[in-house]
*Asks:* 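Provided herewith is a single structure, encoded as structure tokens, for subsequent inquiry.
Start at 1 with the first residue, then count along the sequence. All figures in this text were calculated on a predicted structure; none of them were measured in a lab.
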Amino acid sequence: MNNSNYDAINSPLSGISQAQRERLAYIEFRLYFLGTAGRADLMKRFGVAPAGATRDFGMYKELFPDNIEFDTISKTYTIRENFAPAFEHNLERILTALSQGFGDGVNHVAGPLIQCETPAALNRPKIHVLAPITRAIHLGKAVRLQYYSHSSGASEREIVPFAIATDGLRWHARAFDRKNQDFRDFVISRMDKTIVLTDSVVEKHEQSNCDIQWNRILELTLVPHPNRKYPEITIKDYEMKNGELHLKLRAAMAGYVLRQWHVDCSPDHSLADEAFRLWLKDPLAMYGVGSALFAPGYRLPQ
């Protein structure tokens with residue numbers, strides 16, 4: 001999590017340097033989510049001197065006096081009852097920081113900030129495989145690699161990647177496949193020996209604007225599964241409005257996401273597994289979608 005990605009809510013922060021804004025955001029992060037903050041926290045996180053840390057706390061208190069107070073007993077700053085955040089706090093980055101610590105800045109803060117248990121990722125791309133893919137995307141080049149697929153086993157490919165994406169479980173590269181002359185998804189963990197072809201020329205038909213499935217945006221409506229008890233719990237879990245959850249997904253990724261979310265995509269909500277708590281209200285929305293074959297229960301309309 002990078003505090004520099006925080007957006008200020010309040011105008012008093014305008015004119016403050018980016019470095020100090022990050023330190024003020026960190027003070028607020030600790031107040032908001034841990035209840036306390038002290039000079040040692042800033043010193044450990046940013047490597048600032050004690051006097052600098054004191055000035056930062058003084059500035060935060062001056063700008064937002066209703067958020068912070070000094071506890072003379074513990075000699076630390078604590079959150080006030082009328083606290084109102086001065087920064088936009090991104091949920092994903094907050095959860096990452098709480099569960100893993102901060103890995104950037106002058107001095108990283110390793111380890112969870114509160115007791116937290118997270119399962120290990122089962123599918124993790126190898127960095128030396130991933131790096132050439134991202135370089136090729138940034139530079140607009142092709143990649144030669146060895147790829148392992150269920151249909152053909154190991155084979156050498158040349159692909160033109162233009163994006164990476166995840167379904168929540170696996171990371172994919174979306175790319176033009178020169179072997180099959182179409183756009184496909186390639187699971188990064190199935191790649192090996194990735195080499196950027198620095199002299200490669202990417203043709204117009206290999207570029208992302210020609211990928212119909214990637215550029216097609218689906219508007220899908222999910223509802224509590226009609227065959228499950230207590231739909232109100234599902235409504236609360238997914239923060240549904242009027243009993244519906246509206247999603248916008250790329251056609252190229254939709255099937256993977258619906259599978260990962262355990263969405264019953266059958267037209268008659270017939271999947272019996274209790275794990276399927278959501279139902280795709282209009283399965284016809286998946287018509288013509290290449291990734292629909294991964295959508296649980298999806299059947300082509302008769």
*Asks:* If we ignore angles and hydrogens, is there a donor and acceptor under 3.5 Å between the side chains of R39 and T54?
*Replies:* yes
*Asks:* Is it the case that atom OH in Y287 sees more than 12 heavy atoms from other parts of the structure closer than 6.0 Å?
*Replies:* no
*Asks:* Any link between V196 and L145 through a network of hydrophobic side chains (Ile, Leu, Val, Met, Phe, Trp, Tyr) touching at under 4.5 Å?
*Replies:* no
*Asks:* Would you check, one step at a time, whether the test side chain to side chain contact (heavy atoms under 4.5 Å, CB included) holds for I27 with F87?
*Replies:* CA-CA 11 Å; I27 290 173; F87 293 85; over 6 Å; no
*Asks:* Treating Q213 as the side-chain partner and G290 as the backbone partner, does any N or O pair qualify as donor plus acceptor under 3.5 Å?
*Replies:* yes
*Asks:* For K61, look at atom NZ and say whether over 12 heavy atoms of other residues, nucleotides or ligands are found less than 6.0 Å away.
*Replies:* no
*Asks:* Mind checking the OG1-CD1 spacing from T78 to I68? Nearest 0.5 Å is all I need.
*Replies:* 8.0 Å
*Asks:* Do I16 and F64 land in one hydrophobic cluster if side-chain heavy atoms of ILVMFWY residues count as linked below 4.5 Å?
*Replies:* yes
*Asks:* Using 0.5 Å steps for rounding, measure from the OH atom of Y147 to the CZ atom of R190.
*Replies:* 5.0 Å
*Asks:* If only atom types and distance count, is the side chain of E206 paired as donor or acceptor with the main-chain N or O of V160 below 3.5 Å?
*Replies:* no
*Asks:* Given side chain to side chain contact (heavy atoms under 4.5 Å, CB included), test W279 with N227 step by step and report yes or no.
*Replies:* CA-CA 10 Å; W279 178 55; N227 301 344; over 6 Å; no
*Asks:* If you look at every heavy atom in D264 and H225, which pair is closest and at what distance?
*Replies:* OD2-NE2, 2.8 Å
*Asks:* If we only count heavy atoms from C-beta on, is the Q207 to F162 side-chain gap below 4.5 Å?
*Replies:* no
*Asks:* Could you pull out the closest heavy-atom pair between R144 and L197, with the gap in Å?
*Replies:* NH1-CD2, 3.5 Å
*Asks:* With distance as the sole test, does D211 use its side chain to make a donor-acceptor pair with the main-chain N or O of S208 at under 3.5 Å?
*Replies:* no
*Asks:* If you count the non-hydrogen atoms of other residues, nucleotides and ligands that lie under 6.0 Å from CD1 in I127, is the total more than 12?
*Replies:* no
*Asks:* Take E156 and K193, measure what salt bridge (Lys or Arg N to Asp or Glu O under 4.0 Å) needs, and give me the verdict at the end.
*Replies:* CA-CA 9 Å; E156 186 174 282; K193 302 176 182 177; over 6 Å; no
*Asks:* For a 4.5 angstrom cut-off between non-hydrogen side-chain atoms, does S270 reach R299?
*Replies:* yes
*Asks:* Do K75 side-chain atoms and T72 backbone N/O form a donor-acceptor pair below 3.5 Å?
*Replies:* yes
*Asks:* Is the shortest heavy-atom distance from the side chain of R250 to the side chain of I217 under 4.5 Å?
*Replies:* yes
*Asks:* Can you hop from L31 to V48 via hydrophobic side chains spaced under 4.5 Å?
*Replies:* yes
*Asks:* Taking V257 as the fixed residue, which of L169, L220, L249, T166 is the one that meets the side-chain contact (heavy atoms from CB on, under 4.5 Å) rule?
*Replies:* L249
*Asks:* Do you know which of R30, E22, R23 makes side-chain hydrogen bond (donor to acceptor under 3.5 Å, both in side chains) with Y26?
*Replies:* R30
*Asks:* Given 3.5 Å as the limit, does a donor-acceptor pair link the side chain of D167 with the main chain of R170, or not?
*Replies:* yes
*Asks:* Heavy-atom distance under 4.5 Å between the side chains of F57 and L42, does that happen here?
*Replies:* yes
*Asks:* Taking T76 for the side chain and G38 for the main chain, is one N or O donor matched with an acceptor at less than 3.5 Å?
*Replies:* no
*Asks:* State, to 0.1 Å, how close S291 and G255 come at their nearest heavy-atom pair, and which atoms those are.
*Replies:* OG-N, 2.9 Å
*Asks:* Are a donor atom and an acceptor atom from the side chains of Y60 and N67 found within less than 3.5 Å of each other?
*Replies:* yes
*Asks:* Could you give the distance from CD (Q146) to CD1 (I195), rounded to the nearest 0.5 Å?
*Replies:* 10.5 Å
*Asks:* Taking atom CG of N180 as the centre, does the number of heavy atoms from other residues, nucleotides or ligands within less than 6.0 Å exceed 12?
*Replies:* yes
*Asks:* Count the heavy atoms belonging to other residues, nucleotides or ligands that lie under 6.0 Å from CG of N242, then report whether that count exceeds 12.
*Replies:* no
*Asks:* Any side-chain heavy atom of D41 within less than 4.5 Å of one from R45?
*Replies:* no
*Asks:* Between S200 and E158, is any pair of side-chain heavy atoms under 4.5 Å apart?
*Replies:* no
*Asks:* Does the separation of the ring centres of H205 and F176 fall below 6.0 angstrom?
*Replies:* yes
*Asks:* Taking the side chain as everything from C-beta on, heavy atoms only, tell me whether L271 gets closer than 4.5 Å to H262.
*Replies:* no
*Asks:* Locate the shortest heavy-atom distance separating D66 from R80; write the atom from each residue and the value.
*Replies:* O-CB, 3.2 Å
*Asks:* What's the spacing between E69 CD and F83 CZ if we round to 0.5 Å?
*Replies:* 12.5 Å
*Asks:* Is the number of heavy atoms from other residues, nucleotides or ligands under 6.0 Å of R124 CZ greater than 12?
*Replies:* no
*Asks:* Quick one: do V223 and H269 satisfy side chain to side chain contact (heavy atoms under 4.5 Å, CB included)? Show the steps, please.
*Replies:* CA-CA 11 Å; V223 297; H269 45 81; over 6 Å; no
*Asks:* Let me confirm one number: the CZ-CG distance from R277 to D237, rounded to the nearest 0.5 Å.
*Replies:* 4.5 Å
*Asks:* Minimum heavy-atom separation for S149 and R157, please, with both atom names.
*Replies:* OG-NH2, 4.2 Å
*Asks:* For the atom pair CE (M43) and CG (D56), what is the distance rounded to the nearest 0.5 Å?
*Replies:* 12.0 Å
*Asks:* Check the hydrophobic clustering (I, L, V, M, F, W, Y; side-chain heavy atoms under 4.5 Å; chains of links allowed) and say if L278 and L247 are grouped together.
*Replies:* yes
*Asks:* Among F294, W171, W261, which one satisfies ring-ring contact (aromatic ring centres under 6.0 Å, His included) with Y256?
*Replies:* F294
*Asks:* State, to 0.1 Å, how close L280 and M286 come at their nearest heavy-atom pair, and which atoms those are.
*Replies:* CD2-CG, 3.7 Å
*Asks:* Are side-chain heavy atoms of P301 and L284 found at a separation under 4.5 Å?
*Replies:* yes
*Asks:* Got more than 12 heavy atoms from elsewhere within 6.0 Å of CD, Q181?
*Replies:* yes
*Asks:* Looking only at side-chain N and O atoms, does H172 offer a donor or acceptor that is under 3.5 Å from a partner on D185?
*Replies:* no
